[in-house]
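Read through the structure below, which is laid out as structure tokens, and then see the notes.
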Number of protein chains: 2
Amino acid sequence: MVNYNDQQLNQIFSALSDSTRRAMLLRLTDEAMSVADLSKPFKISKPAITKHLKVLEKSGLLSRTIEGRVHRCKLEPEPLAVVSEWVSFYEKFWNTRLDALNTYFTEEGKKKK
Amino acid sequence: MVNYNDQQLNQIFSALSDSTRRAMLLRLTDEAMSVADLSKPFKISKPAITKHLKVLEKSGLLSRTIEGRVHRCKLEPEPLAVVSEWVSFYEKFWNTRLDALNTYFTEEGKKKK
DNA sequence: ATTATAGTACACCTTATGGTTAACTATAAT
DNA sequence: ATTATAGTTAACCATAAGGTGTACTATAAT
């Protein structure tokens with residue numbers, strides 16, 4: 001898989017740390033759409049939208065194709081795969097914790113029997 | 001699983017968007033350790049370390065137990081499970097993309113045969 | 001009692017972030 | 001040719017983030 005460096009991870013996590021941007025990504029899972037359509041649910045100014053789009057674009061989470069005066073925005077999921085890969089390393093830690101919890105309750109169950 | 005709200009996701013992603021903090025988390029996967037031990041690889045001032053620890057603590061990624069004058073820092077993986085859950089929703093999007101790629105190469109393979 | 005160590009709190013600085021309004025460019029429609 | 005629409009750019013503002021040095025608190029060691 002692609003080897004993203006620290007700075008790129010910074011950018012991706014930073015892009016994801018804003019509710020509006022995450023909502024934008026979610027909206028784009030349905031379908032690619034224009035900036036106007038994409039920004040409909042958000043009660044912020046157009047320049048604010050532009051800035052959010054730039055952040056998403058720079059982090060690689062969004063691409064756009066310009067068709068006339070309309071910018072068609074598309075979700076680019078690869079950085080999310082990178083996040084998934086990054087976080088998967090830690091999976092064992094919450095698993096062992098759940099295992100410990102599980103063992104605890106199993107032992108409790110045994111005692112009651 | 002726990003239902004984290006938008007603001008908590010903001011905090012978690014924001015905490016993860018800094019190289020130093022991610023390196024701290026990685027260090028803590030080996031073992032829980034004091035602030036001094038934890039901060040050894042980082043060439044920043046002690047107050048800077050304190051700040052990073054606070055960010056990690058507020059996001060739930062780190063806990064500490066005070067033993068005398070030593071603060072023992074421990075990795076708390078639950079927020080990472082939340083990230084994993086959040087990102088898992090998008091898995092289908094990079095899977096379908098990889099599938100498409102796979103199909104493409106498979107078709108190419110057929111042509112060559 | 002004094003000194004060393006672990007860590008935080010405070011005040012400050014610089015840059016980044018998220019928002020605004022006003023003005024602009026470029027395409028589309030009348 | 002004029003007007004409307006899609007979107008960006010520029011200048012500005014307030015607050016947050018990440019860093020610093022100095023001063024402080026609290027525990028441990030001599």
Side-chain angles (χ1 to χ4, degrees), chain A residues 5-28 31-75 79, chain B residues 5-28 31-75 79:
Chain A
N5 62 29
D6 252 24
Q7 216 210 323
Q8 287 171 312
L9 266 179
N10 288 354
Q11 268 187 224
I12 297 167
F13 279 124
S14 183
L16 294 176
S17 74
D18 181 278
S19 306
T20 301
R21 287 194 291 265
R22 286 198 307 278
M24 285 174 160
L25 293 182
L26 190 57
R27 242 175 114 56
L28 288 177
E31 47 177 348
M33 61 181 89
S34 71
V35 173
D37 282 356
L38 177 57
S39 55
K40 237 161 219 155
F42 310 110
K43 289 162 197 141
I44 54 178
S45 66
K46 289 201 293 178
I49 297 285
T50 296
K51 284 188 185 177
H52 283 305
L53 293 181
K54 273 189 181 173
V55 172
L56 290 172
E57 219 172 357
K58 277 182 188 163
S59 71
L61 285 159
L62 180 145
S63 68
R64 65 178 103 190
T65 54
I66 301 177
E67 300 165 357
R69 62 182 169 181
V70 173
H71 294 207
R72 187 168 190 76
C73 301
K74 188 167 159 297
L75 174 70
Chain B
N5 62 29
D6 253 25
Q7 216 211 323
Q8 287 170 312
L9 267 178
N10 289 353
Q11 270 188 222
I12 297 167
F13 279 124
S14 183
L16 294 176
S17 74
D18 181 278
S19 307
T20 302
R21 286 193 292 264
R22 285 197 308 278
M24 285 175 160
L25 293 182
L26 189 57
R27 242 174 113 56
L28 289 176
E31 48 177 348
M33 61 181 87
S34 71
V35 173
D37 283 355
L38 176 57
S39 55
K40 236 162 221 155
F42 310 109
K43 288 161 197 141
I44 54 178
S45 66
K46 290 201 292 179
I49 297 285
T50 296
K51 284 187 187 180
H52 282 305
L53 293 180
K54 273 190 181 172
V55 172
L56 289 171
E57 217 172 358
K58 277 182 188 164
S59 70
L61 285 159
L62 180 146
S63 69
R64 65 178 103 190
T65 55
I66 301 177
E67 300 164 357
R69 63 183 169 179
V70 174
H71 294 207
R72 187 169 191 73
C73 301
K74 187 168 159 295
L75 173 69

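Small disclaimer: the values here were computed from a predicted structure and weren't measured. Only this structure's heavy atoms are used, side chains among them; waters, hydrogens and symmetry mates stay out. Residue numbering restarts at 1 for every chain, and letters A, B, ... go by the order of the sequence lines.
- Nucleic acid contact for B:Ser14: none, since no nucleic acid atom lies under 4.0 Å from a heavy atom of the residue.
- Using a 4.0 Å cutoff on non-hydrogen atoms, the parts of residues 52-64 of chain A near DNA chain D are A:Lys54, A:Arg64, ordered by number.
- Rounding to the nearest 0.5 Å gives a distance of 9.0 Å between NE2 of B:His71 and OG1 of B:Thr50.
- As a whole-Å value, the separation of B:Arg72 CZ from C:dT5 C1' is 18 Å.
- Taking CG of A:Leu9 as the start and OG of B:Ser19 as the end, the distance is 8.0 Å to the nearest 0.5 Å.
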Notebook entry, point to check: For B:His52 and B:Phe42, what are the C-alpha separation, side-chain angles and deciding distance, and is it a side-chain contact (heavy atoms from CB on, under 4.5 Å)?
Noted result: CA-CA 11 Å; B:His52 282 305; B:Phe42 310 109; over 6 Å; no
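- Considering only side-chain atoms of A:Asp18, the nucleotide from D:dT8, C:dG18, C:dG7 that sits closest is C:dG18.
- Residues meeting the salt bridge (Lys or Arg N to Asp or Glu O under 4.0 Å) test with A:Lys40, sequence neighbours left out: A:Asp37.
- Atom CE of B:Met33 and atom P of C:dA6 are 15 Å apart (whole Å).
- The nucleotide whose nearest atom lies closest to any side-chain atom of B:Ser34 is, among C:dG7, D:dT9, C:dG19, C:dG7.
- Across the interface with DNA chain C, nearest-nucleotide mapping of A:Ser17 and B:Ile49 shows B:Ile49 to be the residue nearer the 5′ end.
- From A:Leu62, atom CG reaches atom CG of A:Leu28 across 6.0 Å, with rounding to the nearest 0.5 Å.
- Heavy atoms of other residues, nucleotides or ligands lying less than 6.0 angstrom from CD of B:Glu67 number more than 12.
- Straight-line distance from the CG atom of A:Asp6 to the C1' atom of D:dG18: 16 Å, rounded to whole Å.
- A:Arg72 CZ to A:Met33 CE: the interatomic distance, rounded to the nearest 0.5 Å, is 9.0 Å.
- Residues A:Lys46 and A:Val35 have side chains not in contact (no heavy-atom distance under 4.5 Å, counting atoms from C-beta outward).
- In this entry C:dA29 has D:dT2 as its Watson-Crick or G-U wobble partner, both defining distances falling under 3.5 Å.
- The side chain of A:Ile44 sits closest to C:dT20 out of D:dT20, D:dG7, C:dT20.
- If you measure from atom CD of B:Gln11 to atom C1' of C:dT17, you get 17 Å, rounded to the nearest angstrom.
- Atom-to-atom, NE2 of B:His71 to C1' of C:dA9 comes out at 13 Å; the value is rounded to the nearest Å.
- Nucleotide C:dA23: paired with D:dT8 (Watson-Crick or G-U wobble, both distances less than 3.5 Å).
- Look at CG on B:Leu38: it is 14 Å from P on C:dA6, rounded to the nearest Å.
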Write out a two-atom table: protein N or O, nucleotide N or O from nucleotides 10-15 of chain D, distance below 3.5 Å.
none

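- In this structure, A:Asn10 atom CG and C:dT17 atom P are separated by 11 Å, rounded to whole Å.
- Note on A:Ala36: only backbone sugar-phosphate atoms sit closer than 4.0 angstrom, heavy atoms only; bases stay farther off.
- Between B:Arg69 and D:dA29, a side-chain N or O to OP1/OP2 separation shorter than 4.0 Å is absent.
- A straight line from CD of A:Glu67 to C1' of D:dG7 spans 14 Å, rounded to a whole angstrom.
- Look at B:Ser45 and you'll find a side-chain N or O under 4.0 angstrom from OP1 or OP2 of D:dT20.
- Here the side chains of A:Ile49 and A:Met24 are in contact, with some heavy-atom distance below 4.5 Å.
- In this structure, B:Glu31 CD and B:Leu38 CG are separated by 10.5 Å, a value rounded to the nearest 0.5 Å.
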